[in-house]
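One-based numbering, in listed order, for ligands and for the atoms of each. Computed from heavy atoms alone, side chains included, the values below leave out hydrogens, waters and symmetry copies.
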Amino acid sequence: MSNYFTDEYTFLSEFKSRLERRYIIELKDASIRQKYHVLGEMVSEVIAKNWLETNLELHDIDHKEVYYFSMEFLMGRLITNNIMNLGLRDTIEKAFAMEDLDLNAIEHYESDAGLGNGGLGRLAACFLDSIASMGYPGFGNGIRYRYGLFEQKIEDGYQVEKPDDWLKEGYVWEVRKEEEAVLIPFGGYVSFEDGNAVYYPDEQIHAVPYDVPVVGNHNGMVTSLRLWNAEPTDKRPPHLNAFEYDTEIRRISGFLYPDDATREGKVLRIKQQYFFSAAGVQNIVRKHMAKYNDLSTLPDKIVIQINDTHPSLVIAELMRLLVDDYHIDWEQAWTITTNTCAYTNHTILAEALEKWPVDIFEPVLPRIYQIIEEINRRFCKGLLDSNYPQETVTKLAIIADGVVKMAHLAIVGSFSVNGVAALHTDILKNIEMRDFNTLYPEKFNNKTNGITHRRWLLHSNPELSAILDMVSDNWVYDPMELQKLVKKATTKKYRALIKKMKLAKKKALAERIYDEQGIELDPSSIFDIQVKRLHEYKRQLMNALHIMYVYNKLKSDADFKANYVPHSFIFGAKAASGYYFAKKVIKLINTIAHKVNQDPDTNELLKVVFVENYNVTYAESIMPACDLSEQISTASKEASGTGNMKFMMNGAITIGTLDGANVEIAELVGEDNIVLFGLTSDEVNSRYENGGYQPLDVYHNHVDLRLVIDQLTNGFFEDVDKEEFREISDRLLQQDHYFVLEDFESYRQAHERANELYKDEEAWFKASIINIAKSGYFSSDRTIRQYAEEIWNIEPLK
Ligand code: 26V
């Protein structure tokens, strides 16, 4: 195949000629859509060559591979990543400059692949980037959702969800591999014939893989993210007509669950989980048999990383295949399975730990249920034989009280269980999963999360990248090299460079916000940003109450006003569609914004924006534009956080609690270069043990805070009904499970310290530089290397 990217002239002539052949149009008349498609196609052809070579090499050599099973991959846009990693950007830019075309605008045509909810899904995408860029043999395995995470509109201050029809124009990067489709059975019954279980399912569903290339950075490596699509077979259950059957099947890969707050559609969710887990396992076993013809060697050649409990049915499915289809005895099958699977826990929130009611689970997956029962029976028997008290056995059982506990299945069936930040792993080991840790101390380990510095620094912040090039010529390959910046923190020159970079990125963000929402931000104000999913534990509400406090002070206290550096408070957050309280908080933030932005007394000093439809692509312009990064979860609740790392890497200073990876950020940058506040995780837990605290005491003792709480319901917001925020004030005063009121004063003081720090320009940019310099640790390359060496036991290809 010819390479059309050798120089700008060759590229341009091919680009034009393809537009003519494909769309019967000349370049000057072509639409962005047409240009995007032709460019995407040309880049895909370069990828194809590397992809085939990578696949052939992986096929031929004897090595071990990792399969990252995840219900979510929040990939964002791929075109920029692909063009840069393949080293094509220069040629394309030169060619486009000759024709006055804007590559950026064409890139922006690509839809943001939002097959994930938040941190967990984006982590999976960062991991794939690191796996490919470091040359590890590894693949993603997930679902090809027809609709990704909803698109958020704000109407009258309320969130409205619109379907994310991301595939409507096709997806230029994917390749359908119909030949590798597998059948997934559901329902029906099991009969025992000659001592073997024979499963007669009600329905069979085709799982058809679509492969998306994951392009390594300048290393010729292209690995795959395999996404499974659910399609009908010709065997339809008798009770459904053809149309109903088709609709029912397609729902399985129909949409990503946006609802991590409520658990509706349990059956569908179980089907989704089994669908992509079983398809992935069948694929692995088939490949392994074709290459080695011996399943006892599976753990030497394959490791399956289970991303949260969603794919933990791989454990039961692998057992089913080994025992039922390959007639391997249970003990050996169990050894193979537990040496192949490894599990990552991403949350300790009790309400987020998956439990499936047996009466729902069993009819959908009757054989899988039997296998889990047998795993459970043997596990419990083992405990009882080792003299564990019945009470402990019941607590640890996989099936108990009429539910299947997916985390217990994942722990029992894996050789490794990891948390995602040091504090989180400590909490898992010492509190949440203490008994399991006593039982299997060798399984538990920590792998602090990371982010790909290629997307989150190199691609989204070229201005900062250029500065970093001045201190190291190798930081892209070895992000720990960023440390060299430490000694520049005390130089005027570098502080000025960073200041200039920050201002440029803030201007760019301000422009986008103005274009989209008509709100004008002053780029010289402090950009104080909180972007993440909306959850009570993340405490966007505390941030909002603090803004109300600031507004009140600006109106009533001249000294405060004189001392106040202008602030732009920026929020971005999607709330699960069924999460009523979270949606109220969005309405509150928008109501505050509406009021304060209009007030001529204060609006030179205080602006508030809730950006619409925060997603990966938006994050790429938000992260570099931040001065103060809000990481204010109730201590112990945020397993890690990864936005905190993206902000830090782009020179923001964190205002945060000692939670998740903030703890490690604080250790790295030192107390002078982070603004900490609030209860510690131990303090939070000891309050829970002692029956919580009295929010009313705080309310009565804190005059300024009391005013803010009162304003929620006293008509202060003229545009809304007085009762609009009643539930918010009730919850704060009656339960306040997340210690918003208790932490408020300490948060307020922290903001005061941040305000003072910002005024001392020298100190501020010094801190900013230290943050950038220390952020190399949070590259997902480091995280993936640790997984590879300490869990997966795999090596990069030469
Ligand atoms: C689910 C639910 C469901 C019920 C309501 C509360 C709730 C809260 C969170 C979740 C998500 C659980 C899994 C998850 O996305 N965890 C996130 O994983 C990130 C990557 O490891 C990590 O940085 C975040 O701290 C963690 O919340």
Salt-bridge criterion met for Glu161 and Lys153 (N-O under 4.0 Å):
no

Within 4.0 Å of some non-hydrogen atom of Val420, the atoms of ligand 1 are 21 (O)

Under 4.0 angstrom from ligand 1, any heavy atom of Tyr537?
yes

Quick check: Tyr688 with His737 (ring centres under 6.0 Å apart)?
yes

Atoms in ligand 1 flagged as close to Leu349, the criterion being non-hydrogen separation under 4.0 Å
6 (C), 7 (C), 8 (C)

Salt-bridge criterion met for Asp781 and Arg454 (N-O under 4.0 Å):
yes

Run the numbers for me: atoms of ligand 1, each under 4.0 Å from some heavy atom of Ala639, listed by number.
25 (O)

So the atoms of ligand 1 within less than 4.0 Å of a heavy atom of Thr347 turn out to be 12 (C)

Is there a donor-acceptor pair closer than 3.5 Å between any side-chain N or O of Asp308 and the backbone N or O of Asn345?
no

Parallel, tilted or perpendicular: which fits the ring planes of His751 and Phe569, with parallel below 30° and perpendicular above 60°?
perpendicular

For Asp308, the atoms of ligand 1 under 4.0 Å from one of its heavy atoms are 13 (C)

Quick one: do Glu536 and Arg731 make a salt bridge, cutoff under 4.0 Å?
yes

Considering only heavy atoms, does Asn449 approach ligand 1 within less than 4.0 Å through its side chain, its backbone, both, or neither?
side chain

Heavy atom of Gly641, distance to ligand 1 below 4.0 Å:
yes

Is there a polar contact between ligand 1 and His535, counting only N or O atoms under 3.5 Å apart?
no

Are any of the N or O atoms of Glu638 closer than 3.5 Å to those of ligand 1?
yes

For the backbone of Ala410 and the side chain of Ser312, can you confirm whether one donor and one acceptor N or O come within less than 3.5 Å of each other?
no

Determine, for Glu354 against Arg269, whether the closest basic-nitrogen to carboxylate-oxygen distance falls under 4.0 angstrom.
yes

Applying a 4.0 Å heavy-atom criterion (strictly less than), which segment of Thr344 is in contact with ligand 1: side chain, backbone, both, or neither?
neither

Can you find an N/O atom of His346 closer than 3.5 Å to an N/O atom of ligand 1?
yes

